[in-house]
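Only this structure's heavy atoms are used, side chains among them; waters, hydrogens and symmetry mates stay out. Start at 1 with the first residue, then count along the sequence.
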Amino acid sequence: MNDEVQALLVQLADPQFSARKIAAKKLLKIGLEAAPALRAALGSPNPIVVVRAAELLGDLSDLDAVPALQVLLDDAPSADIGSAAHAALGKLAGHERSLEARERALREYRAVRTARAMPQVVVPTEASNEPQLRRRTGVPLPSDVEGLIGLLRHPEYARRVASSEALVAIGSEVTLPLCDLLPGASYVLRKRIVEVLSRLSDPRALPALTRELSRVIEGPEEFEFQEAIVGALSRLLPHIRARPEPTHLPGILNLLRVGGQVRGSADMPMTLAGAALYLTTLAKSHPEPLLRAALPYLKGIRPFVPKEFGPARAAIEEATKVWKDLPLPADAPTLSAENLPRPSEEKL
């Protein structure tokens, strides 16, 4: 039985949702015999396993898990894990023998529900709106962007949510500071930053988001975080297509390069289609040699080939035919068109 439980715990980290769901059902069927292993799994470095283990302990009504869940709640490494611990304690609260532990579980559970129900903050148009922002969130907030970004690391869920709302309310002013913080940030902070950037939909976040996607698919990050980045890119692309500029081209090329490596993403086909639409528009309005670097990617990215790829390829071929014979590396999305030789027929 122990070997079976351990095998199912490994399956809880499977990148496929269906496999994780099957493992969770089997562990639930095993019952409290799986509880000791699930309690140990709360210390796993894999956030997916921790979330699933917390959920299952709540479903199994494992009263012995209350202390571990409370410790996890006090120092949750991510919002998802904190929410799972809250939910599990909420389920266990009705069965807890200790009145003190039961009251604490209920209190923490209500705190999360209150935080989730906080109203959206109205975007301030000037600094004088900051007191209003504090009243709307119900949480004391720093008065500067750096302080608000620092609050994203706070162990309390309500404060992290409040800082996110405040940063979104400030607007595009926070985009570049958040992007600069992404490379060396912890998992929790990166996830919160991506959530804020997704809501801001500032085109300047494109390079940082595509670099983050490239890093995630090459590392051991959880699938849900990959989906958060793809979702942020999907929401960002309509803003980029509305006013296509050549400055976004390197980021789009990087998105096409890594897009074919993303597996099982519901939003990836739509995101790649948006990138192709941007390329079509840019080819017609701002033709330049670097556009040809997109052509190899537009031949098809398995397992999906958006229908927008064909028109984009045709538009680029037509707009850049004078540069057709230039030795442009297709695998270098960071190339600068300024360093390319001019076509022979162009007059100096």
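Across all non-hydrogen atoms, the minimal contact from Leu272 to Phe309 is O-CE1, 3.6 Å. For Val50 against Ala41, the heavy-atom pair with the smallest separation is CG2-O, 3.8 Å. For Ala312 against Thr280, the heavy-atom pair with the smallest separation is CA-OG1, 3.1 Å. The shortest heavy-atom contact between Leu57 and Ala65 is CD1-CB, 3.9 Å. Shown here for Ser285 and Pro244, the closest heavy-atom pair between the two residues is OG-CG, 4.3 Å. Shortest non-hydrogen contact noted between Gly251 and Thr210 is O-CG2, 3.4 Å.
For the atom pair CG of Leu178 and CG of Leu167, the computed distance is 6.0 Å after rounding to the nearest 0.5 Å. If you take SG on Cys179 and CZ on Arg204, they are separated by 8.5 Å, rounding to the nearest 0.5 Å.
Evaluation of the salt bridge (charged side-chain N to carboxylate O under 4.0 Å, His left out) rule for Arg241 yields no partner, not counting sequence neighbours. Judged as a salt bridge (charged side-chain N to carboxylate O under 4.0 Å, His left out), and not counting sequence neighbours, Arg235 has no contacts.
Taking 4.5 Å as the limit, every side-chain heavy atom of Leu282 sits out of range of all side-chain heavy atoms of His248. Within the 4.5 Å cutoff, the side chain of Arg160 has no heavy atoms near those of the Glu195 side chain. In this structure the side chain of Leu233 reaches within 4.5 angstrom of the side chain of Leu206, judged on heavy atoms. Side-chain contact between Glu317 and Arg313 is present, with heavy atoms from C-beta onward closer than 4.5 Å.
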inquiry  = Between Asn254 and Val258, does the side-chain contact (heavy atoms from CB on, under 4.5 Å) criterion hold? Intermediate values first, please.
reply    = CA-CA 6 Å; Asn254 198 35; Val258 301; 4.3 Å; yes
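Leu60 is connected to Leu9 through a chain of hydrophobic side-chain contacts under 4.5 Å among Ile, Leu, Val, Met, Phe, Trp and Tyr, so both are in one cluster. Cluster membership for Leu176 and Val168, using ILVMFWY side-chain heavy atoms within less than 4.5 angstrom, is not shared.
Contacts classified as salt bridge (charged side-chain N to carboxylate O under 4.0 Å, His left out) and involving residues 40-57 (residues at least two apart or in different chains) are given here: Arg52-Glu55.
Shown here is Glu173, whose CD atom has no more than 12 heavy atoms of other residues, nucleotides or ligands within 6.0 Å.
Using a distance-only test at 3.5 Å, with no hydrogens or angles considered, a donor-acceptor pair links the side chain of Tyr278 to the main chain of Glu245.
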